[in-house]
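What follows is one structure encoded as structure tokens, with my remarks underneath.
Numbering of ligands and ligand atoms starts at 1, following listing order.
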Amino acid sequence: MTEPASEILAVLIVGAGFSGLAMAIRCRQAGIGPLQVIEKADGIGGTWHDNTYPGAACDIPSHLYSLSFAPKADWSRMYAPQPEILAYLRETAERNGLMPLIRLGTTFRGATWDETRGLWQVETDRGPILTRAIVSGMGGLHHPAYPDIPGRDAFAGAAFHTAAWDHSVDLTGKRVGVIGTGASAIQVVPELAKVAAQLTLFQRTPPWIMPKHDHAIPEGAKARYRRLPLARRLERARLFWLHEVRAFLGFTKVSKLTGQAEALARRHLAKAVTDKDLRAKLTPDYRLGCKRVLISDDYYPTLQRPNVTLETDGIARITETGLTTEAGRSHDLDVIVYATGFDVTATFARMHLVGRDGLRLTQAWSNGMGAYQGITVAGFPNYFMLLGPNSGLGHNSVVSMIEIQVQHVLDCLQTLRTGNRAIEVRPEAQARFLDRIRSRMADSIWQAGGCRSWYLDASGRNTTLWPDSVMAYRRSARRARLSDYRLG
Ligand code: N01
């Protein structure tokens with residue numbers, strides 16, 4: 001295949017969510033091109049395009065969960081609802097001239113490194129693309145996970161996942177069953193309970209929940225942020241540090257303060273739930289931080305509504321008319337909502353990437369996922385990941401992580417403009433980095449906290465989260481240390 005040079009991209013960005021858009025903006029500002037963004041969905045926004053369930057919102061404050069170089073002064077609430085975040089991403093893309101560069105409805109199928117030409121040959125469902133570099137902004141939370149419960153196909157009513165909401169189904173007056181009690185469930189349950197005749201929540205493990213204190217941002221504050229960018233920046237910094245200290249409050253490892261954070265969460269529960277039996281069912285038996293710590297002010301009150309039942313008996317099977325529990329209780333339902341999270345490992349495992357000397361990413365990761373700074377993998381030149389392995393966060397805004405990674409990738413991309421055809425992480429640098437991660441993980445809250453979560457892979461290793469503060473990651477990853485890379 002010999003394409004004219006004009007059809008060879010400098011960078012292909014996969015995914016038009018927070019990471020992909022941030023990368024595209026910064027590439028344009030740095031004059032890196034030609035550039036294209038492909039997105040499998042029919043609109044931009046990534047997770048905020050997919051997750052449209054009632055009550056969807058961010059559990060990180062808006063002024064922190066936004067790009068520092070694309071600020072928004074007039075966020076409506078402390079915690080923005082999904083439509084507002086999606087609108088922000090659309091406006092940001094438009095304002096930065098990205099829309100003509102984005103090809104929607106185009107799925108990345110895989111890519112093969114062409115050593116002779118120093119190019120990636122990318123396969124999409126809309127044809128091939130040739131590019132010098134690929135930046136994956138695919139993230140890990142977009143393949144809905146459905147539980148392996150017998151009889152799942154037998155159910156005669158409507159059934160859908162929180163990340164693939166079926167808006168054609170009117171839940172008013174219906175008997176609704178929700179499976180799962182994670183971050184998505186605690187947002188959707190209060191909304192569904194307002195309209196459903198009966199809502200049954202199937203809980204396997206109770207989450208730790210802290211008060212949210214959500215509120216509308218006063219008009220005066222919005223005007224101030226508009227007038228005085230410094231005031232907005234100070235608010236962002238305040239929120240950043242407020243969250244950053246959580247890394248030392250038991251959110252990454254058991255600390256002296258873990259017990260105090262747990263006591264705070266228990267008080268939140270005790271204040272909201274007076275019934276002793278219900279409170280016992282809602283009390284976690286593992287350490288706070290082991291699973292994502294949730295925030296909500298309306299979840300506990302919702303569980304005490306007369307039309308809501310909390311079922312803690314395990315689900316034995318799904319039948320034509322509802323669910324049967326292991327104790328033999330039947331729940332007749334009109335609708336089942338799966339709030340059962342995402343298949344993170346499968347998302348990365350499905351990346352059909354063939355690097356140098358025919359090395360497949362699945363081979364490179366046969367003992368578990370891992371990447372230098374969560375960004376680059378030895379054997380895969382000019383391939384970069386945003387929010388790749390071990391760069392998710394439990395305690396602070398992932399947007400901060402994205403911005404650090406974008407800067408690192410920009411440094412790498414700059415080397416390709418100065419005569420180098422390829423930049424590839426040195427295996428020894430990657431090994432050193434992964435050793436560091438492993439040793440920090442050993443006594444982390446996710447390993448030692450007495451729970452299982454989506455953070456862990458099949459062998460029980462945490463390959464998803466960064467085990468330290470954002471500032472530590474910034475020190476580690478913000479600038480690409482070129483001595484850790486091989487240029488050629
Ligand atoms: O998914 P989850 P999620 N039978 O994996 C249960 C981000 N997010 O969509 O705990 C019964 O957390 C499972 O039970 P257990 C955020 O990063 C962010 O809620 O495994 N139950 C659990 O309760 C988050 O961490 C926001 O015992 C079953 C639930 O399903 C990530 O997305 C908002 C089951 C899955 O919880 C995922 O959150 C929403 C079974 N067979 C999401 N299988 C923000 O606001 C699974 N479960 C930023």
Quick test: of every protein heavy atom, which one is nearest to atom 13 (C) of ligand 1, and how far off is it to 0.1 Å? R204 NH2, 4.3 Å
Is Q187 in contact with ligand 1, taking contact as a heavy-atom separation below 4.0 Å? yes
Minimum heavy-atom distance between P190 and A185, given as atom pair plus value: CD-O, 4.3 Å
re atom 48 (C) of ligand 1, the protein heavy-atom contact at minimum distance is D59 OD1, 3.1 Å
Consider ligand 1: state whether an atom of it lies below 4.0 angstrom from any non-hydrogen atom of P207. no
Check this for me: does any side-chain nitrogen of one of E403 and R236 sit under 4.0 Å from a carboxylate oxygen of the other? yes
Pick from R246, R292, H243, E244: which one makes a side-chain hydrogen bond (donor to acceptor under 3.5 Å, both in side chains) with H395? E244
May I ask you to check if K40 and F108 form a cation-pi contact, with NZ or CZ under 6.0 angstrom from the six-membered ring centre and within 45° of the axis? no
Checking R175 against D334 for the salt bridge (charged side-chain N to carboxylate O under 4.0 Å, His left out) test, could you report, in this order, the C-alpha distance in whole Å, the side-chain angles of both residues, the deciding distance, and whether it holds? CA-CA 5 Å; R175 295 163 304 173; D334 301 311; 2.8 Å; yes
With a 4.0 Å cut-off on heavy atoms, does W48 reach ligand 1? no
Does some non-hydrogen atom of F202 fall short of 4.0 Å from ligand 1? no
Answer yes or no: is there a donor N or O on one side and an acceptor on the other, between the side chain of N307 and the main chain of A196, under 3.5 Å? yes
What protein heavy atom sits nearest atom 10 (O) of ligand 1, and how far away is it? K291 NZ, 2.7 Å
